[in-house]
Amino acid sequence: MGNELVQLTVLESAGTLAPAIAPQRATPVSVPGRLRTFYIETFGCQMNVHDSEKVQGVLLARGMTPVDDHAQADLILYNTCSIREKAAQKVFSRLGAFRKGNGGAGKVIGVLGCVAQQEGERFFERAPQVSFVCGSASYSMLPELLDRLEAGDRRVTGLSLDTEECFETELTRRDNPFRAYLTIIEGCDQRCAFCVVPMTRGPQRSRPSERILDEVRRLVDEGYTEIQLLGQIVNAWEDPSPARRSFAELLACVAETPGVRRVRFTTSHPRFFTPDIVQAIDSHPALCDQVHLPVQSGSTPVLERMLRGYSREEYLERIDCIRQARRTISLSTDIIVGFCGETRQDFEQTLSLMQEVEYDQVFSFKYSPRPNTLAATQGDALAEDEKGLRLAELQELQRQIQLRRNQALLGETFEVLVEAHQPRLGQAVGRSTTNRVINFPGSPSDVGRYLTVRVTGAGPNSLVAVRA
Ligand code: SAM
C-alpha cells in the first residue's frame, strides 16, 4: 500500500459521489497573468500525489483554473518519479508530444519532483520545450518561481536541496474525497544502496507536532474522517517542537482527535519500528490495523549490501512484535528482486520469508540501478530475463498466499468506508481498516459512508460481501 504506483491526472472535480467534503478553496491572492489555466499529471508514490495537491493549491490561490486536457492549458506540469528507470522515462515520453511545432507553442511546460531534481538544468538541453524545473525541496519557492514565469523568464529552476524546511502550505487542494494525505516528514537521511530518494528529496526534516495536529483538526472540519500520515520514512519522524512527542505519541494524538475515525501511516522503516507503535495501535481503535513494513529482501547478506540496517532475524523480530498485538494487524511489504549479486539461494530466502510472514499484500519490483546511488557503482549483474523470472515466481507465491488468507475470512464481518460505486455492476467498493478492498451490492448513496459487511467470497486481491 505504501508504495502503490499511481498515475493520475488531476481534474477539476473529484467526482459527483463525494461525501461532505469542502476542499480548501483559497482566496486568489493575485490576478492571473498570462498563465491562466494549468494541467498537472502526477507519477509515483502517495507523497508525490500529495505534493501535487499542494502545488494545485498554490496555483488555485493565484487565480489559475485547472483543466483536464493539456491542450487547453497555459501551464503544463509533470510531477515525476525516478525511483526506477521506467518511472523516470515516463516524463520524457510525455514531453515528446511537445517537440517543436507539436502543440507546445505558447505554453509553459514544467517538470517537478524527483526527475526534475535528478536532471536539474540538464533538462533544458534534453527537452528544450521545458522552461521550469523544480525539485520537491524547493516547492516553498513556487510563488516566486511562478512570478518569474509570468514575467516571461524562459528558464526557471528551483533545485536547491539545502533546506531545513518542509513544504508547509494551507493552500492544499485535496483530490481524494475520503482519505486526506498529510505529510509529517520530508526527505530521507538513510543511504540505502539502491535508493535515489535522499538525492532527489533532500535531507530529512520533520514538521512540529502542533502544526500536524492543527492540520488534522482542519481536515476534520472539512469533513475528512480518514487521515493518512506520509513520509519517505514516516516513523523516523522526530518532533522538533518543545513537546518532543514520539512518533507513537503523535499517532495516539491524531487518533484521539475528535472526528477522526481512521488513521494510516506510510512508509515505515524496520529500523525505526519500535514496540510503542504496536502498543499505540492496540490501544487506539482509530489507528488502522495495518502496517506496511518494507523488507526488500529475505537474505541477510543482501540486506547488508543494501545498507538497510537490519538482518532477516531482526526484521522477523519486528514482525513477531506486531503479531503479538491484541488486534490482528494486517501486514504488507516491498520487495526488490535481482539486487546486485542476488544468488538463487538469496532469492529463496526471500520466498521463505514470505511464507513465514504471510503478508496480505506485497509490492515487488525488479532492481533498477539508479544514478548516484552506491549500488549503481557495483554493476547490475543479474540479467533482466532472470529478474523477470524471479519476479513472476515471487508474485505467483504471493498470489497463492493472498488467496489462502482471503479465503480464511469467509463469513467474517468488516467495517468498510465506501469509496466508489460501479453502476454497471450495481456494486459498492469499500475498504476495511486492514486495507482490503471489499465489493458488495450497493447504491451510489453508499459512497462516503461507513457500513458493515459480511464476506461471502474471496479472490487474491479483493473480497466479495453482503451487507451485514
Ligand atoms: N522510503 C521507503 C523505504 O525506504 O522503505 C520506500 C520508498 S520507495 C518510494 C518504494 C519502494 O520502491 C521501496 O520500498 C523499494 O522496494 C522500491 N525501490 C526503491 N529503489 C528501487 C530501485 N532502485 N529498484 C527497484 N525498486 C526500488
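Not measured: the values here are computed from a predicted model. Counting convention: from 1, in listed order, for ligands and their atoms alike.
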For a side-chain contact (heavy atoms from CB on, under 4.5 Å) check, start with the C-alpha distance between S209 and W237, then their side-chain angles and the critical distance, and finish with the verdict. CA-CA 10 Å; S209 55; W237 176 84; 3.8 Å; yes

Once you restrict to heavy atoms under 4.0 Å, what part of [X] touches ligand 1? Side chain, backbone, both or neither.
X    : result
C45  : neither
I83  : both
F194 : both

Is any side-chain N of the basic residue among D320 and R323 closer than 4.0 Å to the acidic one's carboxylate O?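 Salt bridge: no.
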
E393: salt bridge (Lys or Arg N to Asp or Glu O under 4.0 Å) partners, not counting sequence neighbours: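 Residues passing salt bridge (Lys or Arg N to Asp or Glu O under 4.0 Å) with E393: R344.
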
Which residues share a salt bridge (Lys or Arg N to Asp or Glu O under 4.0 Å) with E85, sequence neighbours left out: R370

Just distances here: any N/O of [X] and N/O of ligand 1 closer than 3.5 Å?
X    : result
R84  : yes
C192 : no
S268 : no

P294 heavy atoms, cut-off 4.0 Å: which ligand 1 atoms fall inside? 5 (O)

Atoms in ligand 1 with a heavy atom of K366 nearer than 4.0 Å: 24 (N), 25 (C)

Evaluate the ring planes of Y315 and Y359, with Trp represented by its six-membered ring, and classify them as parallel (under 30°), tilted (30 to 60°) or perpendicular (over 60°). tilted

Donor on one side chain, acceptor on other, Q56 and D175, under 3.5 Å: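 There is such a pair (donor and acceptor under 3.5 Å, judged by atom type) between the side chains of Q56 and D175.
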
Would R261 and Y450 count as a cation-pi pair here, with the cationic atom under 6.0 angstrom from the ring centre and within 45° of the axis?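 Yes, R261 lies over the aromatic ring of Y450.
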
Establish, yes or no, whether the cationic atom of R84 lies under 6.0 Å from the six-membered ring centre of F365 and within 45° of the ring axis. yes

Just go through D334, T266, N48 and tell me whose heavy atom is the nearest to atom 11 (C) of ligand 1.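 Of the listed residues, D334 has the closest heavy atom.
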
Tell me the nearest of R308, Q190, Q296 to atom 4 (O) of ligand 1, using heavy-atom distances. R308

Assess V197 for proximity to ligand 1: is some non-hydrogen atom of it under 4.0 Å away? no

